[in-house]
Amino acid sequence: MMSAPELLSSALMAARRIVVFPSSVELGPVLAHLVTSRAEKAITSRGRFTLGLSGGSLVSMLGKELLALPELDCSKWVVGFCDERLVPFDDPESTYGLYKSKLFSKVNIPDSGILTIDSTLSVSECAEDYTHKLKEAFPDDDFPVFDLLLLGMGPDGHTCSLFPDHPLLEETKKIVAPISDSPKPPPQRVTMTFPVVNSARCVAFVSTGGSKAPILKEVLEGREGPAFPAARVVPTNGELFWLVDDPAAASLTIQVERPGSGAKL
Ligand SMILES: O=C1O[C@H](COP(=O)(O)O)[C@@H](O)[C@H](O)[C@H]1O
């Protein structure tokens, strides 16, 4: 018979879908469909679609795949950022700057629908300012409930700007936190906290490339001791997807889904 923690863990695993594609070529369109299908559902139910974006490798893939859709209407989208690096918008490390050039400037998201993180402020003021913007955008929620959060994972298992063994992993009250000692440059960042990430209606990790294989195995198949940040993403009432390619999934031994072409999630 399974113990209570084992039962809980197996229930959580059941809610998690690990979907493996041969490469980003097949993964990309399914990601775009996940975004538009959750957008349609959210707009039908609540009149708007709230999307949280991550930086890194996701930016180019998302820009390319969304722009390839024939009739993308983002007029009812509200877009926030899962984290941001405190650098000028024209710095190649700026997540906002990259999305602006690769996506925002080419689609019809209203300016008022982009919850920009003001990187000209000090890191603590910046976190306060973004907290204020999120509270205004989600007045009814203790922790903002995004319709969809798109996350990446670094080779150390970090997600958002939540890094292994950092005190921010234990944050339970703030919705946004400043970080001044990020082990991955640039050192100053702001990040959503786990209570926000785990409040989302749907969370999708996108992880591609062989460099992610060792950490993906650790995160998805478990290890003794404190869980990696990415492994702590377990939405309380939401869906959790891991969209990965074959090189990233190379070391996995757990059961995964391998959808055929034209798959929809
Ligand atoms: O620093 C960051 O890294 C993670 C992972 O990026 P990836 O390039 O390895 O996919 C990203 O999700 C996060 O937004 C970013 O600030």
Side-chain angles (χ1 to χ4, degrees), residues 21 23-24 27-28 31 34-35 51-65 79-89 91-104 114-119 123 126-127 130 134 146 148-166 168-169 175-194 196-198 200 202-220 228-233 240-245 247-250:
F21 302 85
S23 74
S24 323
L27 189 160
L31 171 65
L34 179 74
V35 174
L51 171 67
L53 298 172
S54 293
S57 51
L58 187 67
V59 187
S60 302
M61 184 190 289
L62 198 63
K64 173 172 170 259
E65 299 298 341
V79 175
F81 296 86
C82 299
D83 68 327
E84 179 59 288
R85 299 118 180 238
L86 255 75
V87 292
F89 290 151
D91 187 299
E93 293 279 6
S94 164
T95 296
Y96 171 82
L98 291 174
Y99 275 111
K100 185 165 169 50
S101 68
K102 290 182 191 295
L103 183 66
F104 301 157
I114 301 178
L115 308 176
T116 314
I117 296 178
D118 188 349
S119 63
V123 69
C126 176
Y130 188 41
L134 287 179
F146 277 82
L148 175 62
L149 293 180
L150 297 178
L151 300 184
M153 175 182 66
D156 57 354
H158 85 267
T159 188
C160 303
S161 285
L162 297 162
F163 290 89
D165 303 319
H166 196 280
L168 274 187
L169 302 189
I175 63 176
V176 173
I179 170 166
S180 300
D181 55 357
S182 162
K184 177 179 174 183
Q188 293 200 319
R189 295 156 171 249
V190 294
T191 184
M192 282 181 187
T193 57
F194 278 122
V196 179
V197 173
N198 284 329
C202 180
V203 177
F205 277 94
V206 178
S207 206
T208 58
S211 67
K212 301 283 167 73
I215 189 65
L216 195 68
K217 184 172 177 63
E218 291 260 29
V219 165
L220 295 181
F228 288 104
R232 294 179 177 221
V233 177
L240 175 60
F241 291 97
W242 279 86
L243 309 182
V244 304
D245 67 358

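Order of listing sets the numbers, starting from 1, for every ligand and every atom in it.
- Between atom 10 (O) of ligand 1 and the options Gly152, Ser57, Gly56, the minimum heavy-atom separation is to Ser57.
- Side-chain atoms of Tyr99 do not come within 3.5 Å of backbone N or O of Gly63 as any donor-acceptor pair.
- Counting the atoms of ligand 1 from 1 in the order shown, those under 4.0 Å from a heavy atom of Ser54 are 12 (O), 14 (O).
- Distance alone, capped at 3.5 Å, is enough to place a donor-acceptor pair between the Asn198 side chain and the Arg232 backbone.
- The protein heavy-atom contact nearest to atom 15 (C) of ligand 1 is Arg85 NH2, 3.3 Å.
- Among Lys184, Met192, Lys212, the residue whose heavy atom lies nearest to atom 1 (O) of ligand 1 is Lys184.
- Atoms CG and CZ, on Leu168 and Arg189 in that order, are 12.0 Å from each other to the nearest 0.5 Å.
- Of the possible donor and acceptor atoms, none in the side chain of Asp118 sits under 3.5 Å from a partner among the backbone N and O of Cys126.
- Within 6.0 Å of atom NZ in Lys217, more than 12 heavy atoms from other residues, nucleotides or ligands are found, so the atom counts as buried in its surroundings.
- Taken from CG in Leu98 to CG in Leu103, the straight-line distance is 11.5 Å, to the nearest 0.5 Å.
- Those atoms of ligand 1 with a heavy atom of His158 less than 4.0 angstrom away are 1 (O), 2 (C), 3 (O), 4 (C).
- Not a single heavy atom of Glu84 lies less than 4.0 angstrom from ligand 1.
- Near Met153, the atoms of ligand 1 lying under 4.0 angstrom from a non-hydrogen atom of the residue are 5 (C), 9 (O).
- Ring geometry for Tyr96 against Phe89 counts as tilted: the plane angle lies between 30° and 60°, on a 0 to 90° scale.
- Those atoms of ligand 1 that come under 4.0 Å of a heavy atom in Arg189, given as number and element, are 1 (O), 2 (C), 16 (O).
- Among protein heavy atoms, the minimum distance from atom 11 (C) of ligand 1 is reached at Gly55 O, 3.9 Å.
- The heavy atom nearest to atom 13 (C) of ligand 1, considering only Asp83, Thr95, Leu53, Val59, is found in Asp83.
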